[in-house]
Amino acid sequence: ISGPAITHFTQVPGGWDAIIVAFIGSAEAQRAQIGWVDPADASYDQPGLLRDDYYPGDIGFDPLGLRPEDPEELDLMITKELQNGRLAMLAAAGFLAQEAVDGKGIIEHFSS
């Protein structure tokens, strides 16, 4: 796999995309089981009902114990993480737009 990042996905050998989709589907299914009420247990007028003890995005993964105990501090940390993720997506979009314009990879711009 080489060249601009915007072309990398089309260069992935056949079959690998199915493996990637299977892993993503597995992770999303596990998250849905953690966060959502079983449709058989929810009333018909409340499809997609979240569990009472579920905070969106919280699936219990905190191997380093960084999650604050204080709810206000947790909300602040979550907000900061969302803002960092949004900024990273904008940066990635800028990289891909630059590559689409001139066909050079990100590293190639530093050496020219």
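- Donor-acceptor pairing under 3.5 Å is recorded for the side chains of Thr7 and Gln11.
- Proximity of Tyr54 to Arg31: side-chain heavy atoms (C-beta onward) are separated by under 4.5 Å at one or more points.
- By the rule that hydrophobic residues join a cluster once side-chain heavy atoms approach within less than 4.5 Å of another member, Leu76 and Leu66 end up as members of separate clusters.
- Pairs of residues two or more places apart, or lying in two chains, that qualify as salt bridge (charged side-chain N to carboxylate O under 4.0 Å, His left out) and include a residue from residues 56-82 are Asp58-Arg67.
- Between Leu49 atom CG and Trp36 atom CH2 the span is 11.0 Å, to the nearest 0.5 Å.
- Side-chain atoms of Arg51 come within 3.5 Å of backbone atoms of Ile34 as a donor-acceptor pair (strictly under, hydrogens ignored).
- Residue Asp52 qualifies as open at atom CG: its count of foreign heavy atoms under 6.0 Å is 12 or below.
- Counted within 6.0 Å of CZ on Phe9, heavy atoms from surrounding residues, nucleotides or ligands total 12 or fewer; the atom is thus considered open.
- Remark: Tyr55 OH to Ile78 CD1 distance equals 4.0 Å, nearest 0.5 Å.
- Glu99 CD to Glu108 CD: the interatomic distance, rounded to the nearest 0.5 Å, is 8.0 Å.
- Note on Val21: it does not cluster hydrophobically with Val12, by side-chain heavy-atom contacts below 4.5 Å among ILVMFWY residues.
- Rounded to the nearest 0.5 angstrom, Leu82 CG and Leu87 CG are separated by 12.5 Å.
- Separating the OG1 atom in Thr79 from the CG atom in Leu74 is a distance of 9.0 Å, to the nearest 0.5 Å.
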